[in-house]
*Asks:* 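Quick one: the structure is below, questions incoming.
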Amino acid sequence: GRLGGSWQGEGTLRFEVRPEGEGCAIVLSHAYTDRDQAALAAAGWDRCFARLDALFAEHTMSEADSLTAWPDVHERLAKTWNIDPEIGRNAHAQHARERPYHV
């Protein structure tokens, strides 16, 4: 099955669930309207799926725990995709000021 929608009014999201082996695969497609936001958003999705993976493994991962790896994931993606990392760094710093978490 498929589920699609918009992301904060910009870009398009599509989730696909398809059979794979004895289970299923979830495929996320996120079409960006602003390429400069790609590393920022993709690092966030990476952390969301890390929490989902933990849940499927019958573990819990708090938002704070998942976000400790966000800067490393973001930097790697920004470098790989040749995107200015300051965009994500600034957003991360703002998030930390608004919703502090312990590293």
Side-chain angles (χ1 to χ4, degrees):
R2 291 185 194 155
L3 173 65
S6 64
W7 177 253
Q8 298 177 354
E10 298 179 19
T12 304
L13 294 176
R14 187 174 84 187
F15 291 90
E16 286 183 65
V17 179
R18 62 179 181 223
E20 186 170 293
E22 294 184 24
C24 66
I26 299 173
V27 179
L28 165 67
S29 299
H30 185 167
Y32 302 96
T33 56
D34 182 355
R35 184 181 185 282
D36 290 341
Q37 300 292 317
L40 168 67
W45 283 117
D46 179 88
R47 301 293 71 218
C48 289
F49 280 107
R51 289 185 76 190
L52 186 59
D53 284 346
L55 184 62
F56 287 144
E58 298 182 2
H59 300 289
T60 57
M61 179 186 291
S62 70
E63 178 184 12
D65 286 345
S66 73
L67 290 177
T68 59
W70 188 95
D72 292 334
V73 173
H74 171 263
E75 293 296 314
R76 178 177 45 82
L77 294 173
K79 183 177 181 180
T80 299
W81 296 336
N82 196 30
I83 294 172
D84 180 2
E86 285 305 313
I87 296 164
R89 290 173 186 163
N90 292 337
H92 184 264
Q94 180 179 348
H95 178 82
R97 283 190 303 273
E98 293 172 2
R99 294 181 63 188
Y101 58 91
H102 301 284
V103 177

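Small disclaimer: the values here were computed from a predicted structure and weren't measured. The analysis underlying the following values was restricted to heavy atoms, covering all of them including side chains, and did not include hydrogens, waters or symmetry mates. In what follows, residues are counted from 1 in the order of the sequence shown.
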*Asks:* Between Leu40 and Gly88, what is the shortest heavy-atom contact and its length?
*Replies:*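 Taking every non-hydrogen atom into account, CD1-CA, 4.0 Å.
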*Asks:* Please tell me whether Phe49 and Val17 are part of a single hydrophobic cluster in this structure, the criterion being side-chain heavy atoms less than 4.5 Å apart.
*Replies:* yes
*Asks:* Would you please name every residue forming a side-chain contact (heavy atoms from CB on, under 4.5 Å) with Ala25, sequence neighbours left out?
*Replies:*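 By the side-chain contact (heavy atoms from CB on, under 4.5 Å) rule, Ala25 matches Arg18, Glu20.
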*Asks:* Distance check, rounded to the nearest 0.5 Å: Asp53 atom CG versus Cys48 atom SG?
*Replies:*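 It comes to 11.5 Å.
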*Asks:* Would you call Glu63 and Arg51 a side-chain contact if the rule is heavy atoms closer than 4.5 Å?
*Replies:*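 Counting from C-beta outward, Glu63 and Arg51 do come under 4.5 Å.
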*Asks:* For a quick test of reading the model, state the closest non-hydrogen atom pair linking Ala69 to Arg47 and the distance between them.
*Replies:*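 The pair with the smallest heavy-atom distance is CB-NH1, 3.4 Å.
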*Asks:* Which residues pass the side-chain contact (heavy atoms from CB on, under 4.5 Å) test with Ser62, sequence neighbours left out?
*Replies:*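 Residues passing side-chain contact (heavy atoms from CB on, under 4.5 Å) with Ser62: Ala64, Asp65.
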*Asks:* Could you label the plane-to-plane angle of the Trp70 and His74 rings as parallel, tilted or perpendicular, counting under 30° as parallel and over 60° as perpendicular?
*Replies:* parallel
*Asks:* Using 0.5 Å steps for rounding, measure from the CG atom of Leu28 to the CZ atom of Arg14.
*Replies:* 10.0 Å
*Asks:* Check residues 75-87 and write down every donor-acceptor pair under 3.5 Å in which the side-chain atom is one partner and the other belongs to a residue at least two apart or another chain.
*Replies:*
unit_1 : atom_1 : unit_2 : atom_2 : d
Glu75  : OE1    : Arg89  : NH2    : 2.7
Glu75  : OE2    : Arg89  : NE     : 2.8
Thr80  : OG1    : Arg76  : O      : 2.8
Asp84  : OD1    : Glu86  : N      : 3.0
Glu86  : OE2    : Arg89  : NH1    : 2.5

*Asks:* Could you tell me the separation between the CG atom of Leu13 and the CH2 atom of Trp45, rounded to the nearest 0.5 Å?
*Replies:* 5.0 Å
